[in-house]
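Below is one structure, written out as C-alpha coordinates, with a few remarks after it.
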Amino acid sequence: MRIALVLGGVSAEREVSLESGKEMLKALRELGYEYFLVDPAFGKEQPKNESDFFSGMEIPPAGKRNYLEAVNSSLFENVDFALLALHGQ
(Lines give C-alpha, C1' and ligand atoms only; values in the text may rest on other atoms or scores of the structure.)
Protein backbone atom coordinates (compact mmCIF):
# COMPACT_ATOMS: atom_id res chain seq x y z
CA MET A 1 0.00 0.00 0.00
CA ARG A 2 1.37 3.41 -1.03
CA ILE A 3 0.40 6.26 1.32
CA ALA A 4 0.62 10.00 0.74
CA LEU A 5 1.11 11.80 4.05
CA VAL A 6 -0.28 15.31 3.51
CA LEU A 7 1.06 17.82 6.02
CA GLY A 8 2.03 21.46 6.48
CA GLY A 9 -0.17 23.73 4.42
CA VAL A 10 -0.57 27.49 4.68
CA SER A 11 -2.89 27.96 7.65
CA ALA A 12 -1.88 29.60 10.91
CA GLU A 13 -1.60 26.06 12.30
CA ARG A 14 1.12 24.97 9.87
CA GLU A 15 3.57 24.14 12.67
CA VAL A 16 0.97 22.02 14.48
CA SER A 17 0.36 20.15 11.23
CA LEU A 18 4.07 19.49 10.79
CA GLU A 19 4.32 18.14 14.35
CA SER A 20 1.32 15.87 13.74
CA GLY A 21 2.91 14.78 10.49
CA LYS A 22 6.16 13.86 12.27
CA GLU A 23 4.26 11.54 14.60
CA MET A 24 2.26 9.99 11.75
CA LEU A 25 5.48 9.53 9.79
CA LYS A 26 7.04 7.73 12.74
CA ALA A 27 4.06 5.32 12.85
CA LEU A 28 4.17 4.70 9.09
CA ARG A 29 7.87 3.82 9.33
CA GLU A 30 7.36 1.53 12.32
CA LEU A 31 4.50 -0.27 10.55
CA GLY A 32 6.56 -0.67 7.39
CA TYR A 33 4.29 1.20 4.97
CA GLU A 34 5.50 2.68 1.70
CA TYR A 35 4.90 6.41 1.99
CA PHE A 36 5.84 9.80 0.67
CA LEU A 37 5.24 13.32 1.95
CA VAL A 38 3.19 16.07 0.30
CA ASP A 39 3.02 19.63 1.58
CA PRO A 40 0.36 21.36 -0.54
CA ALA A 41 1.91 24.74 0.30
CA PHE A 42 4.68 23.86 -2.18
CA GLY A 43 2.34 22.95 -5.04
CA LYS A 44 3.94 20.71 -7.65
CA GLU A 45 7.47 21.65 -6.53
CA GLN A 46 7.80 19.54 -3.39
CA PRO A 47 10.99 19.51 -1.28
CA LYS A 48 13.47 16.92 -2.54
CA ASN A 49 14.52 15.54 0.86
CA GLU A 50 12.25 14.30 3.62
CA SER A 51 14.07 16.39 6.22
CA ASP A 52 13.37 19.56 4.19
CA PHE A 53 9.64 19.24 4.97
CA PHE A 54 10.46 19.90 8.63
CA SER A 55 13.38 22.32 8.27
CA GLY A 56 11.40 25.57 8.20
CA MET A 57 11.83 26.16 4.49
CA GLU A 58 10.08 29.28 3.26
CA ILE A 59 6.69 28.62 1.67
CA PRO A 60 6.29 29.77 -1.95
CA PRO A 61 4.17 32.92 -2.27
CA ALA A 62 1.27 31.44 -4.30
CA GLY A 63 -0.31 30.16 -1.07
CA LYS A 64 -3.65 28.41 -1.37
CA ARG A 65 -3.42 28.16 -5.17
CA ASN A 66 -0.58 25.69 -4.59
CA TYR A 67 -3.07 23.29 -2.99
CA LEU A 68 -4.89 22.91 -6.32
CA GLU A 69 -1.64 22.45 -8.20
CA ALA A 70 -0.51 19.74 -5.80
CA VAL A 71 -3.79 17.82 -5.79
CA ASN A 72 -4.21 18.02 -9.57
CA SER A 73 -0.62 17.00 -10.32
CA SER A 74 1.01 13.64 -10.80
CA LEU A 75 1.96 13.62 -7.09
CA PHE A 76 -1.11 11.56 -6.28
CA GLU A 77 -0.77 9.03 -9.09
CA ASN A 78 -0.44 5.48 -7.81
CA VAL A 79 -1.57 6.46 -4.32
CA ASP A 80 -3.73 3.98 -2.45
CA PHE A 81 -4.46 6.17 0.55
CA ALA A 82 -3.97 9.79 1.63
CA LEU A 83 -3.35 10.36 5.32
CA LEU A 84 -4.14 13.98 6.27
CA ALA A 85 -2.19 15.80 8.94
CA LEU A 86 -3.43 19.25 7.91
CA HIS A 87 -4.81 21.58 10.59
CA GLY A 88 -6.73 24.84 10.43
CA GLN A 89 -8.66 26.32 7.54
Side-chain angles (χ1 to χ4, degrees):
M1 180 180 297
R2 185 166 159 81
I3 299 173
L5 176 55
V6 185
L7 70 167
V10 296
S11 81
E13 295 188 32
R14 175 178 174 76
E15 293 304 317
V16 175
S17 173
L18 291 172
E19 288 302 315
S20 295
K22 282 181 188 178
E23 293 304 312
M24 291 176 172
L25 178 57
K26 181 180 172 185
L28 289 172
R29 286 180 182 146
E30 288 175 1
L31 294 170
Y33 283 105
E34 180 183 355
Y35 67 88
F36 67 99
L37 305 179
V38 176
D39 185 339
F42 290 99
K44 295 183 288 186
E45 302 300 322
Q46 297 291 303
K48 301 291 185 231
N49 300 309
E50 193 173 280
S51 60
D52 290 342
F53 284 88
F54 306 102
S55 69
M57 289 178 62
E58 189 171 326
I59 301 170
K64 292 181 180 179
R65 184 170 18 130
N66 289 347
Y67 277 70
L68 293 173
E69 289 180 3
V71 170
N72 291 317
S73 74
S74 62
L75 292 170
F76 288 92
E77 288 180 5
N78 302 315
V79 170
D80 297 306
F81 187 78
L83 183 58
L84 303 180
L86 296 173
H87 289 259
Q89 297 179 339

Item to complete: Work out which heavy atom in G43 is nearest to a heavy atom in Q46; give both atom names and the distance.
Response: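 Scanning both residues completely, I find the closest heavy atoms to be O-NE2, 2.6 Å.
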Fill in: A70 versus L75, closest heavy-atom pair with distance
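It is O-CD1, 3.9 Å.
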Worksheet item: Which residues pass the salt bridge (charged side-chain N to carboxylate O under 4.0 Å, His left out) test with E45, sequence neighbours left out?
Response: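 Per chain and number, E45 pairs via salt bridge (charged side-chain N to carboxylate O under 4.0 Å, His left out) with no residue.
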Worksheet item: K26: what forms a side-chain contact (heavy atoms from CB on, under 4.5 Å) with it, not counting sequence neighbours?
Response: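 By the side-chain contact (heavy atoms from CB on, under 4.5 Å) rule, K26 matches E23, E30.
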Item to complete: Consider only side-chain heavy atoms of I, L, V, M, F, W and Y, link residues closer than 4.5 Å, and tell whether L18 and I59 are in one cluster.
Response: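 Per the 4.5 Å side-chain linkage, L18 and I59 are not co-clustered.
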Worksheet item: Are M24 and M1 grouped together when hydrophobic residues (ILVMFWY) are joined by side-chain heavy atoms under 4.5 angstrom apart?
Response: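 Result: yes, single cluster for both.
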Practice prompt. List in chain and number order the residues that pass side chain to side chain donor-acceptor pair (under 3.5 Å) with K44, two or more places apart in sequence or in another chain; answer none if no residue qualifies.
Written response: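 By the side chain to side chain donor-acceptor pair (under 3.5 Å) rule, K44 matches no residue at all.
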Worksheet item: At what distance, to the nearest 0.5 angstrom, does CG of L37 lie from CZ of F53?
Response: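 Going from CG on L37 over to CZ on F53, the span is 5.0 Å.
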Can you list, pair by pair, the side-chain donor-acceptor contacts under 3.5 Å of residues 5-16, counting residues two or more places apart and other chains?
from: S11; atom 1: OG; to: E13; atom 2: N; distance (Å): 3.0
from: S11; atom 1: OG; to: H87; atom 2: O; distance (Å): 2.8
from: R14; atom 1: NH1; to: G9; atom 2: O; distance (Å): 2.7
from: R14; atom 1: NH1; to: D39; atom 2: OD1; distance (Å): 3.4
from: R14; atom 1: NH1; to: D39; atom 2: OD2; distance (Å): 2.9
from: R14; atom 1: NH2; to: D39; atom 2: OD2; distance (Å): 2.8

Fill in: Linked hydrophobic residues, M57 as query - side chain contacts closer than 4.5 Å
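Taking Ile, Leu, Val, Met, Phe, Trp and Tyr as members, M57 shares its hydrophobic cluster with F42.
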I'd like a table of donor-acceptor pairs (distance under 3.5 Å, sequence neighbours excluded) in which one partner is a side-chain atom from residues 79-86, with atom names and distances.
from: D80; atom 1: OD2; to: R2; atom 2: N; distance (Å): 2.8

Discussion item. Quick check on F54: does its CZ atom have over 12 non-hydrogen neighbours (other residues, nucleotides or ligands) under 6.0 Å away?
Written reply: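 Enclosed.
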